[in-house]
Amino acid sequence: MISSTTKIVALIGKPIQHSISPVMQNAAFNELELDYVYLSFEVTREKLREAIRGMKSLGIKGANVTIPHKSAVIKHLDELDKTAKRIGAVNTIKINGTKAKGYNTDGVGAVKALEEAVKNIKNKKILLLGAGGAARAIAFSLTEKSAKLKISNRTQSKSESLASEIGEKTGTQPIVITQKKEDMKTAIKESDILINSTSVGMHPHTDKTLVEAKLMHENLTVMDIVYNPLRTRLLEEAEKAGADTIDGLGMLVHQGAASFEIWTGRSAPIEIMRETAKKSLEEIK
Ligand code: ATR
């Protein structure tokens with residue numbers, strides 16, 4: 001029950017109406033009988049600074065940050081954890097009195113989702129599609145896990161600068177691949193895992209995919225971070241090729257679970273979060 005002692009965690013972004021996080025996080029708070037509530041607030045770019053100050057003034061305990069504020073929010077925070085600093089983006093904030101500290105749980109969420117299917121990703125050859133915010137987080141986390149990473153992005157200058165940044169910060173530089181069919185084909189042939197971290201295939205453009213079945217093989221595991229829909233065209237193509245598939249639900253749940261643990265200090269009830277998120281995604285179909 002919401003009372004005068006209930007602690008608030010906020011979601012800030014724009015748009016936020018379709019976010020799954022409120023139902024997923026509230027289900028987790030209920031499951032552990034924690035006196036917390038998770039609410040979403042539509043915040044424009046112009047109001048971001050005020051929103052952070054307001055959260056501190058009101059004693060709000062933490063937040064998730066989503067599109068388009070993940071990078072812009074950094075200058076309004078008092079501290080950054082090491083991972084968020086490397087990535088240059090924040091999706092989670094913990095507020096302690098007058099101090100707001102930024103974290104990023106996207107990369108660790110993706111790695112946990114991947115590890116549910118592939119036990120040991122050390123030395124696995126991975127081709128990552130994308131070089132945007134989500135891809136940056138995933139690329140750093142995979143490199144920290146000693147995966148052998150290749151990156152391919154539509155705008156090649158972005159994959160090149162991401163690769164050199166990862167090289168400078170971790171000592172291991174991913175290889176950059178163009179998005180020409182021939183180059184992709186060779187890279188996929190040599191890969192154990194293919195991850196789509198672009199928005200290609202997301203509703204309403206559900207017929208789109210960056211890779212078709214004929215470029216894949218049956219020893220490949222294909223993961224898509226798109227969760228709307230859960231069965232993307234990419235994953236359908238992967239199945240046609242006999243590859244294993246991992247849909248976007250796992251990353252959604254694990255990034256949320258990592259945020260939950262930052263705010264509450266408690267182990268997240270992963271299975272309740274997964275069931276609630278899945279049900280909610282099925283309803284918006
Ligand atoms: P997010 O924070 O969700 O990662 P983003 O930073 O806007 O969002 O990144 C979107 C990613 O999807 C980028 O890698 C983008 O490629 P570009 O860097 O070339 O823009 C990729 N992307 C989006 N639409 C695409 C398309 N039609 N074909 C190929 N890549 C696409």
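Just follow the structure's listing: the first ligand is 1, and inside any ligand the first atom is 1. Hydrogens, waters and symmetry mates play no part in the numbers below; they use all other heavy atoms, side chains included.
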Linking I/L/V/M/F/W/Y whenever any side-chain heavy atoms sit under 4.5 Å apart, do [X] and [Y] land together?
{"X": "Ile270", "Y": "Leu32", "value": "no"}
{"X": "Met202", "Y": "Leu252", "value": "no"}
{"X": "Ile175", "Y": "Ile188", "value": "yes"}

Original post:
Protein residues near ligand 1, heavy-atom distance below 4.0 Å?
Top reply: Gly130, Ala131, Gly132, Gly133, Ala134, Asn153, Arg154, Thr155, Lys158, Thr198, Ser199, Val200, Leu210

Original post:
Does Val118 sit in a hydrophobic cluster with other residues, and if so which ones, taking ILVMFWY side chains as linked at heavy-atom separations under 4.5 Å, directly or through other members?
Top reply: Ile87, Val111, Leu114, Ile121, Ile126, Leu128, Ile138, Phe140, Leu142, Leu149, Ile151, Leu162, Ile166, Ile193, Ile195, Met223, Ile225, Ile246, Met251

**OP:** Measure the acute angle between the ring planes of Phe29 and Trp263, then classify it against the limits of 30° and 60° as parallel, tilted or perpendicular.
**Re:** tilted

Original post:
Heavy-atom count around Asp78 CG within 6.0 Å, excluding the residue itself: above 12?
Top reply: yes

